[in-house]
Number of protein chains: 2
Amino acid sequence: MAESERSGRLAMAMKEQQRGDVYAPECPSRGVLDHVTSRWGVLVLVALLEGTHRFSSLRRKVAGVSEKMLSQTLQALEQDGFVLREAYPVIPPRVDYSLTPMGREVATRVEELAEWIEENLPRIMVAREQHSTRRRSS
Amino acid sequence: MAESERSGRLAMAMKEQQRGDVYAPECPSRGVLDHVTSRWGVLVLVALLEGTHRFSSLRRKVAGVSEKMLSQTLQALEQDGFVLREAYPVIPPRVDYSLTPMGREVATRVEELAEWIEENLPRIMVAREQHSTRRRSS
DNA sequence: CGGTATCCTCGCCGATACTG
DNA sequence: CAGTATCGGCGAGGATACCG
């Protein structure tokens with residue numbers, strides 16, 4: 001490529017907190033992308049787009065997730081500033097999870113992706129059959 | 001045979017369903033979502049949005065991916081009808097990968113997500129710092 | 001209720017070697 | 001050049017038990 005001072009520019013970009021680059025393996029954006037697109041991260045973000053949920057409510061909505069993974073996923077999303085965790089010191093304990101304004105922005109994009117897949121699943125299933133049929137005829 | 005009969009009825013039921021549900025653990029849309037949002041799937045889709053790439057070209061663009069994972073990722077995306085694989089019987093071998101029309105639709109949504117993260121990485125990094133300092137003050 | 005701690009397994013994934 | 005085959009680690013993630 002044209003730029004010969006690649007490592008220099010990268011270090012500068014990190015220090016100045018410039019735009020990320022998901023193609024750079026060491027860029028923090030990779031980690032954020034991994035959190036957001038993780039198996040449970042996607043579902044949690046879309047679920048919270050509906051509104052505030054409690055832990056157990058989320059667990060029911062996101063069917064199949066274990067307590068551990070839900071907890072880890074929420075912690076990662078909270079660290080990145082996408083999820084707000086509000087714990088009330090009552091008995092029994094109550095914790096509410098909701099999206100931050102930034103979380104709503106990213107979750108909207110995730111939802112658009114998820115909805116496209118849901119709506120176009122029939123086309124995908126047809127493509128899968130055509131793909132396996134093609135193996136026999138070739 | 002019995003197996004093809006059964007899978008046929010399953011595919012038929014899927015087509016009749018008209019829409020997937022990512023919250024249903026057994027719905028095929030979960031698998032599609034996993035392919036699309038997988039570590040390398042995201043990067044491959046966005047890379048192919050630029051245009052046709054050869055195997056080695058993709059490997060260079062998607063820095064850090066191994067031959068095996070790139071191959072597996074491409075096969076999964078090809079099966080789902082997102083990627084078109086064209087092999088030419090020449091020496092040395094040449095294989096071109098490109099997006100199908102359906103692939104372009106899904107890749108566009110993935111790219112919007114990736115770009116949002118790249119552009120807003122500074123905000124996220126700030127949120128991370130605020131999160132770690134908040135632990136002490138509360 | 002809303003977690004954490006611990007153990008353990010499965011399969012993802014990288015490394016290496018080999019093929020058309 | 002564009003893969004496949006095979007092995008092995010190691011970490012994601014489930015199961016279980018326990019705590020505030």
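Every chain is numbered from 1, with letters handed out A, B, ... down the list of sequences. Only this structure's heavy atoms are used, side chains among them; waters, hydrogens and symmetry mates stay out.
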> How long is the line joining CD1 of B/I91 and C1' of C/dT19, in whole Å?
Replying inline: 13 Å
>> I'd like to know if A/R19 pairs up with A/D21 as an ion pair, taking the criterion as any Lys NZ or Arg NE/NH1/NH2 lying under 4.0 Å from an Asp or Glu carboxylate oxygen.
In response: no
>> Measuring from atom CG of B/L121 to atom CZ of B/R128, what distance do you get when rounded to the nearest 0.5 angstrom?
In response: 7.5 Å
> Out of curiosity, B/N120 CG to A/S29 OG, how far, rounded to the nearest 0.5 Å?
Replying inline: 11.5 Å
>> Any heavy-atom pair between the side chains of A/Y97 and A/L77 that's under 4.5 Å?
In response: no
> To the nearest 0.5 Å, what is the distance between NZ (B/K68) and OG1 (B/T73)?
Replying inline: 11.0 Å
> Closest approach of A/K61 and B/Y23, non-hydrogen atoms and distance?
Replying inline: O-CD2, 3.5 Å
> Do you know which two heavy atoms are closest between B/S98 and B/E86, and how far apart they sit?
Replying inline: OG-OE1, 4.4 Å
> What does nucleotides 2-15 of chain D look like as a protein-contact string, B for base, S for sugar-phosphate only, - for none, at under 4.0 angstrom between heavy atoms?
Replying inline: SBB-B------BBB
> Using the C1' atoms of five pairs at each end, what's the angle between the two axes of the helix from C/dC1-D/dG20 to C/dG20-D/dC1, to 10 degrees?
Replying inline: 50°
>> In whole Å, I'd like the distance from the OH atom of A/Y88 to the C1' atom of D/dG20.
In response: 19 Å
> Under the salt bridge (Lys or Arg N to Asp or Glu O under 4.0 Å) test, which residues partner B/R123, sequence neighbours left out?
Replying inline: A/E105
